[in-house]
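After the structure tokens below, expect a handful of questions from me.
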There are 2 protein chains.
Amino acid sequence: MVTIKDVAKHAGVALSTASYALSGSDKVSPKTRELVLQAAKELNYQKNGFAMDLKRKSTKTILLILSDLSGPYYSELIRGTQEVTLSNGFDLIACSSVGGADSTAYKFLQERRVDGAIVLDPNISEHLLRESAREGCPIVVMDRYVEGDFIMNVAADNVQGGYEATRYLMEQGHRDIAWIGGPSNSLGSQHRKEGYLKALQEEGIVNTKWMLVGNFTEEGGYHSTKVLLMQEERPTAIFYGNDEMAIGGYKALREFGLSVPEDVSIVGFDDIQVAEYLSPPLTTVRQPKYEMGTMAAHLVFQAMGGEYVNKSYKLKIELIERLSCQPPRLAPNRGKGMET
Amino acid sequence: MVTIKDVAKHAGVALSTASYALSGSDKVSPKTRELVLQAAKELNYQKNGFAMDLKRKSTKTILLILSDLSGPYYSELIRGTQEVTLSNGFDLIACSSVGGADSTAYKFLQERRVDGAIVLDPNISEHLLRESAREGCPIVVMDRYVEGDFIMNVAADNVQGGYEATRYLMEQGHRDIAWIGGPSNSLGSQHRKEGYLKALQEEGIVNTKWMLVGNFTEEGGYHSTKVLLMQEERPTAIFYGNDEMAIGGYKALREFGLSVPEDVSIVGFDDIQVAEYLSPPLTTVRQPKYEMGTMAAHLVFQAMGGEYVNKSYKLKIELIERLSCQPPRLAPNRGKGMET
DNA sequence: GAAATTTATCGAAACGTTTCGATTTGTTTT
DNA sequence: AAAACAAATCGAAACGTTTCGATAAATTTC
């Protein structure tokens, strides 16, 4: 384990001089710098980053915590955070909360190993967040709302998204619109449902029989849809809490001999990559993931710089119209009926 | 910035005692432990992980380097490495090489910030790998071949994959099979092509007019396919170096009014998530990504433990038959013809 | 060419931990 | 109740850097 001390000795200079030379300070003369660099190369010296961080009291890295480090959902978001982080001269590392309290996420957060964090992960407790956020380590939490010093929030306007999706279906003439939501601990899912209900209410529709929960997985969407279809009355449209569940829905519908969109119209949420390749291509609500990513990263840096920033940001979403919706086959003969 | 020193003072014990208490050593009596823990809580003490790593001379984390930290390709692989890493009591962090020599990957590798690394990223130079790999930081490189001390290689058997895919097409009667490969710096792509050529050769087919390169993106696949289709003679099947290019191919074919698989059969490579949802679902070659991930992680730990391990591993691939292939419309009337 | 100034190098302290060996305290044995 | 031992606590060194203030060497100024 060759240290800077060895390099200094080998080059015949003081340890401090070696340090200056290696870090490119102009306090050192060109020829000794050369000497030191040469020695370092000969000994295959590698600096110890921790020792440096310890002395410097900053790590120049920010941490991105995701629930599973994979999943189709994250790509764009990661890209956004990465670009901003890099252009600020910082490093970005990602980790997951798999492993609970022993997880990498906990370790890095608790042990001051980073200068800031962006968290998109419902598994990280509010307690940990509040405990870890501090001057010198601001935290941005996505898709949920956590209050605390040095904690900021960024989310898509899920209420709006839910509202617009439902509105869209209603404008096509649908009145019997089912909702298959995500897990109840997902604030995003709750908000989407809120928007959904709001849209229904505006038209005086009170819908209680077609509201189910899934778990944001394809599997969950599949099962919930089956449950839905086994009821005697069937909706003419289904709004899913996310795209993966909608994929499961496609499968269940096919098994029941129903086709999309002729028999049932479908709207998803997220606009994951697969969405446009499904058949039919899925109409869905796009979250501005890239923008959320850049926004989050910017907030971290602003907070780090001591700038005053708002605590909470909501980004607009956008409905992506594809081919999974059409007016219902028979205009339903109840309620207010069609009037488009 | 409250340190262990403050905690010790506040609890009225020596610094060393506080350290023992906090790290749960049994050298300390229950009541002083309680005292220290209490003090730590009151002061909101957070340990400094670097100082610890510095002293302990190990970080207990391993690094996963990916070319872009996103992309549909990685999910399964990450899951594999994560599971193994976690069950060994280590942490896994991921980063990308975006940023070149200033990238996070470089920093972490060069500055001894991890105890091991898994690299799936053509941008990391062999030089850096050899320089960084050492006792105390073995490196597993995926999908390419790098020789060096403490460096191991894991890859799918791309030659076999290319061979089997081509063979499969030939067994259906295809003789005019095009190849649209990845970038020339991808060893994987080269091997796939090798397998492709081998299969053709076995049947005495010498094919030069239908070999193109793309860049592993949808866009690249689209353009290369267009170039291919503008030639006067058209193949009856196309084998793509990866699935994303095949997706681009679908699009180009549609524009030319050709349908899959009636007019042209298609085989991809990788089996990314979208593959099965395309229409028609894409026949492709599945890489055992999860297994590659676990294998890589295991190797890291074995090498860390000083166990002797082979330098290089190849994992078997598997052809996934879906609906994008069928026998050519007219059996080609040249060469050896069909004889299945 | 001596004094003043700049430039280059050095020594030592500090960062926040862990851990070894020494000391003190408490308990058991005779 | 003194001696022997175990348990608990302490002090200090070490990990590998950076950086401050001090010294030595080189350069300029009068």
Side-chain angles (χ1 to χ4, degrees), chain A residues 1-40 43-61 107-108 110-115 134 136-137, chain B residues 1-40 43-61 107-108 110-115 134 136-137:
Chain A
M1 199 105 310
V2 24
T3 78
I4 201 174
K5 207 167 161 181
D6 302 313
V7 174
K9 194 180 300 170
H10 194 258
V13 301
L15 186 155
S16 46
T17 309
S19 174
Y20 286 128
L22 286 168
S23 50
S25 156
D26 54 353
K27 296 182 72 174
V28 81
S29 78
K31 79 171 191 296
T32 45
R33 164 176 302 123
E34 205 40 59
L35 213 63
V36 172
L37 259 38
Q38 181 59 33
L43 298 178
N44 190 25
Y45 166 71
Q46 294 182 281
K47 112 166 0 175
N48 181 319
F50 299 132
M52 184 182 96
D53 288 344
L54 178 57
K55 195 78 228 297
R56 288 242 177 98
K57 298 178 157 206
S58 101
T59 67
K60 286 228 150 202
T61 85
K107 169 167 153 183
F108 273 69
Q110 286 180 318
E111 298 182 355
R112 308 176 158 202
R113 286 169 186 277
V114 288
D115 289 349
R134 53 166 207 281
C137 185
Chain B
M1 198 106 310
V2 24
T3 77
I4 202 174
K5 205 168 163 181
D6 302 313
V7 174
K9 195 181 302 171
H10 194 259
V13 301
L15 187 153
S16 47
T17 310
S19 174
Y20 286 129
L22 286 169
S23 51
S25 158
D26 55 353
K27 296 182 70 175
V28 82
S29 78
K31 77 170 193 296
T32 45
R33 164 176 301 122
E34 205 40 57
L35 212 63
V36 172
L37 259 37
Q38 181 60 33
L43 298 178
N44 189 24
Y45 167 72
Q46 294 183 280
K47 112 165 359 174
N48 182 319
F50 299 132
M52 183 182 100
D53 288 345
L54 178 57
K55 195 78 230 298
R56 288 243 176 98
K57 295 176 159 210
S58 102
T59 67
K60 286 227 152 204
T61 84
K107 170 167 153 181
F108 273 69
Q110 287 181 318
E111 298 183 355
R112 307 174 158 201
R113 288 171 185 275
V114 288
D115 290 349
R134 51 165 207 281
C137 185

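Numbered from 1 within each chain, the chains take letters A, B, ... in sequence-line order.
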Sugar-phosphate only, base, or nothing, as touched by B/Ser23 at under 4.0 Å among non-hydrogen atoms: nothing
Test item: B/Val36 and B/Val7 side chains (from C-beta on) under 4.5 Å apart, heavy atoms: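 Yes. Closest side-chain heavy atoms under 4.5 Å.
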Sugar-phosphate only, base, or nothing, as touched by B/Phe50 at under 4.0 Å among non-hydrogen atoms: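 Touches nothing.
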Residue closer to the 5' end of DNA chain C, B/Lys47 versus B/Lys27 (nearest nucleotide):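 Its nucleotide being nearer the 5' end, the pick is B/Lys47.
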Worked verdict on A/Thr59 versus A/Asp115 for side-chain hydrogen bond (donor to acceptor under 3.5 Å, both in side chains): CA-CA 6 Å; A/Thr59 67; A/Asp115 289 349; 3.1 Å; yes
Closest-nucleotide ordering on DNA chain C, the 5'-leading residue of A/Pro30 and B/Met1: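 Result: A/Pro30.
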Sugar-phosphate, base or nothing in reach of B/Gln46, heavy atoms under 4.0 Å: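 Sugar-phosphate: the residue B/Gln46, judged by heavy atoms under 4.0 Å, touches backbone atoms but no base.
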Separation of atom NZ in A/Lys31 from atom P in C/dA8, rounded to whole Å: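 Going from A/Lys31 (NZ) to C/dA8 (P), I get 9 Å.
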Nucleotide C/dT9, atom P - distance to NZ of A/Lys9 in whole Å: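 Result: 20 Å.
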Base of C/dT18 paired with side chain of B/Lys55 (donor-acceptor, under 3.5 Å):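 For B/Lys55, whose side chain was compared with the base of C/dT18, there is a donor-acceptor pair (under 3.5 Å).
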Sugar-phosphate only, base, or nothing, as touched by B/Ser19 at under 4.0 Å among non-hydrogen atoms: base
Distance, rounded to the nearest Å, where B/Met52 contributes CE and D/dG16 contributes P: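 Between P of D/dG16 and CE of B/Met52: 16 Å.
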Greater than 12 external heavy atoms within 6.0 Å of B/Lys107's NZ: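 Result for NZ/B/Lys107: enclosed.
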Nucleotide nearest B/Ala14 when distance is taken to its side chain, options D/dC10, C/dC15, D/dT17: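 Closest of the options to the side chain of B/Ala14: D/dC10.
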Residue whose nearest DNA chain D nucleotide is more 5′ - B/Gly12 or B/Lys57: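 Checking each residue's closest nucleotide, the 5'-ward one belongs to B/Gly12.
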Sugar-phosphate only, base, or nothing, as touched by A/Ser16 at under 4.0 Å among non-hydrogen atoms: base
DNA chain D: 5'-proximal contact among B/Arg112 and B/Arg33 (nearest heavy atom): B/Arg33
Atom-to-atom span, OH of A/Tyr20 to P of D/dT18 - whole angstrom: 10 Å
Minimum-distance nucleotide to B/Arg56 side chain [options: C/dG16, C/dT19, D/dT9]: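 Output: C/dT19.
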Short side-chain donor-acceptor distance under 3.5 Å, A/Ser16 and A/Ser19: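 There is no such pair between these side chains.
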Under 3.5 Å donor-acceptor, A/Arg33 side chain and A/Ser25 backbone: yes
